[in-house]
Number of protein chains: 2
Amino acid sequence: MAATLRDVAKLAGVSFKTVSNVINDYPHVRPATREKVERAIAELGYKPNLNARSLRSGRTDTVALAVPELNLSYFAELAGMVIAAAEESGLTVVVEQTGGDRDRELALLRSPRLSMTDGLILSPLGMGQEDADALEVPFPLVLLGERTFDWPCDHVTMRNVEAARAATEYLLASGRRRIAVIGEYEGEVMGSARLRLRGYREALAAHDVPYDASLVVRATLWHRADGARAMHELLDRDVPFDAVFGFNDTMALGAMRVLQEAGRRVPEDVAVIGFDDLDEAAYSIPSLTTVDPGREWLARTALETLLARIAETGPKQPPRTELADFTIVERESAPKN
Amino acid sequence: MAATLRDVAKLAGVSFKTVSNVINDYPHVRPATREKVERAIAELGYKPNLNARSLRSGRTDTVALAVPELNLSYFAELAGMVIAAAEESGLTVVVEQTGGDRDRELALLRSPRLSMTDGLILSPLGMGQEDADALEVPFPLVLLGERTFDWPCDHVTMRNVEAARAATEYLLASGRRRIAVIGEYEGEVMGSARLRLRGYREALAAHDVPYDASLVVRATLWHRADGARAMHELLDRDVPFDAVFGFNDTMALGAMRVLQEAGRRVPEDVAVIGFDDLDEAAYSIPSLTTVDPGREWLARTALETLLARIAETGPKQPPRTELADFTIVERESAPKN
DNA sequence: GCAGAATTCTACAACGATGCAAACCGGTGC
DNA sequence: GCACCGGTTTGCATCGTTGTAGAATTCTGC
């Protein structure tokens, strides 16, 4: 089996605690001793058993990240960024998929699996206000992305309302007046869909454009297929529209595809704007104008916030809420004018 | 702090070992005792400390999955599938990103972090034959995707040569003769790029179409931007071509975008075929004909193979090689004729 | 050359769980 | 009435590490 501290100690001719001291950079170790120990470590290829270390020290240097599914590019890219940021701090990341399902989110929050981690970054989707007290957990927890309830808990998110409002105003400024929306999700109380819809309505109101419910199409999951389905539904409704605001890029791309199949030119007949600024938005045909919600910043900040909470020793600090800045990325599907 | 076995034991009025027996479904526990213990567990909200359990039992019920980056949809979707499959077996998955970088792949194989897992599923990219003995590791290891060297090690992959050959023949059958290829990677000896190129050449040879190196464009990373860059390069070369075979969908989509920007019609002027069958391939404009390499099967099989190796007790079984079946998914970018 | 203060090293007890083997307990069989 | 037998419960050692406290060694100043 793998070498342990004691094996190294025996080889180096010191007590096993000294080996531990060397590994942990304990200051008072004579250079000669240190070198002897290091040679023994190298010779045996000793690697510390992190489980034992965790058990003893109480720290695992592992964090859990729970997202709906990696199949959604937004979450895949976000997860990639969180993992990269964690790697920089020497942390390991356990990735969990909840499917955006309430029960699985709740189960995760209670799961013993989390005892192997120092904390959790959760992107909740399915949970609602009635589940808020499930967030009363005995470990550091950071919500990443819109929370669907009111609860004092660290929270890193984007300016959904403002960004959606800006996106809508961008379309309005380019002369569009009949702006359809894809991604509304009626069951949801405080999630992204609701907030983005609010931003949309604020923009309309600010420009005296009447809100028309027949331009709003719901989609609970935000996959490409949902965007496509929503666009079919919109076309079937046979209401005129000259722009589409997809609540995420994936749906916007799905919708854009259907739009063009149906013979509508983008952007001449219909402008399309998305939300997320996925990698692929720059390469679609036409390329997709979208909102960059500041994902890189979100990922890093979520991790930093979690680490700060983990490092916390004294009395509990009040919950933090961090908001990313957004920008609108202009591309072909919705030119400025 | 969290409740331990002893706390539960005290509350239930039994020895802590009995509590352990209840938790582990040890058969000889009187129903009355079991119930008493279970009540105490529920009352205290006891959750086993998995670190302690792992230390003692040697099993972590966690596996590591290392892919180049989640930013590449292929790997994101693959990772999602592996995690989902692991979840079904009650396993946790640690995700590592290597960036396809040789040094990081090697570092990972030697990392103490793996002591927190029961085994590793690795998608190697950067390592080469000279690193083969780095695969001599003291834990179960399964290579997922093409291996870049010859080494007796469990290996789950796709039929790269045959699939590439089939893709090329598909294009030939539709009358194309000048088929460009994007994704060749000269440094690589045995990886996917080489194998797919071989399949391409076999198909050409079988149909007496001469191989023309000026139609082959290299790309070391297989991002959308690489596909776009490669297509620019190809257009700059000013050689005639009537089809493009992208070694993955992401590049094919990037290339298709550039192609259309340049005024070439897809598929009328140039047919495009990809490889991977990503979600988005069905929604691009035009939708992308591609090779489905059997990812779902790959993900599940990789995990199963790893689990079998972990469960292994007796003498080491010989390494397994598992090959997924592929299919060609016909879409608009390359119609059958 | 020696006391006293640093410095360096070691011993022992945890962390919270599981495996083993022994102890217990009530009932049988003789 | 006693040995014996399952089924049931328990005690102890142990996994590999770190924290604390104290022992051993070296260094300093006189």
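Just so we're on the same page: letters track the sequence lines, and every chain starts at 1. Since this is a predicted model, take the numbers as computed values, not measurements. Atoms considered below: every heavy atom in the structure, side chains included; atoms not considered: hydrogens, waters and symmetry mates.
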Is the backbone N or O of [Y] less than 3.5 Å from a side-chain atom of [X], with the two atoms forming a donor-acceptor pair by type?
X	Y	result
A:Arg104	A:Gln97	yes
B:Ser115	A:Leu50	yes
A:Asp118	A:Asp61	yes
B:Glu296	B:Met81	no

Mind calculating the distance between [atom1] ([X]) and [atom2] ([N]) to the nearest angstrom?
X	N	atom1	atom2	value
B:His28	C:dG26	NE2	C1'	16 Å
B:Leu50	C:dC15	CG	P	18 Å
B:Arg53	C:dG19	CZ	P	10 Å
A:Ile23	D:dG19	CD1	P	12 Å
B:Asn21	C:dG19	CG	C1'	10 Å
B:Lys10	C:dG16	NZ	P	13 Å
B:Tyr46	C:dG16	OH	C1'	7 Å
B:Ile41	C:dA17	CD1	C1'	13 Å

| request: Check every strand shown and say whether B:Asn51 touches a base, only sugar-phosphate, or nothing at a heavy-atom separation below 4.0 Å. | output: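 Nothing: the residue B:Asn51, judged by heavy atoms under 4.0 Å, touches no strand.
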Taking only side-chain nitrogens and oxygens of [X], does any of them come within less than 4.0 Å of OP1 or OP2 of [N]?
X	N	answer
A:Ser20	D:dT18	yes
B:Ser15	D:dT10	yes
B:Ser57	C:dT18	no
B:Tyr26	D:dT10	no
A:Asn24	D:dT18	yes
A:Arg30	C:dT7	no
A:Thr18	C:dT8	no

| query | When you check the gap from the basic side-chain N to the acidic O, do B:Arg102 and B:Glu105 get nearer than 4.0 Å? | reply |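 Between B:Glu105 and B:Arg102 there is no salt bridge, as every charged N stays at least 4.0 Å from the carboxylate O atoms.
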| Does the side chain of A:Thr92 come within less than 4.5 Å of B:Glu96's, by heavy atoms? |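 Answer yes - side chains close enough.
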| query | Nearest nucleotide by nearest heavy atom, which residue falls closer to the 5' end of DNA chain D, B:Val29 or A:Arg6? | reply |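 By nearest-heavy-atom nucleotide position, the 5'-most residue is B:Val29.
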| message | Is there, by distance only and without an angle test, a donor paired with an acceptor across the side chain of A:Arg56 and the base of D:dT18 below 3.5 Å? | response |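 Flag set: donor-acceptor pair detected.
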| task | Answer yes or no: side-chain N or O of A:Lys47 and base N or O of D:dG16 forming a donor-acceptor pair under 3.5 Å. | result |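 Between D:dG16 and A:Lys47, which were checked side chain against base, a qualifying N/O pair under 3.5 Å is absent.
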Any idea which of [options] is nearest the [X] side chain?
X	options	answer
B:Phe16	D:dA13, D:dG16, D:dT9	D:dA13
A:Thr33	D:dG16, C:dC9, C:dT18	C:dC9
B:Lys17	D:dT9, C:dG19, C:dT10	C:dG19

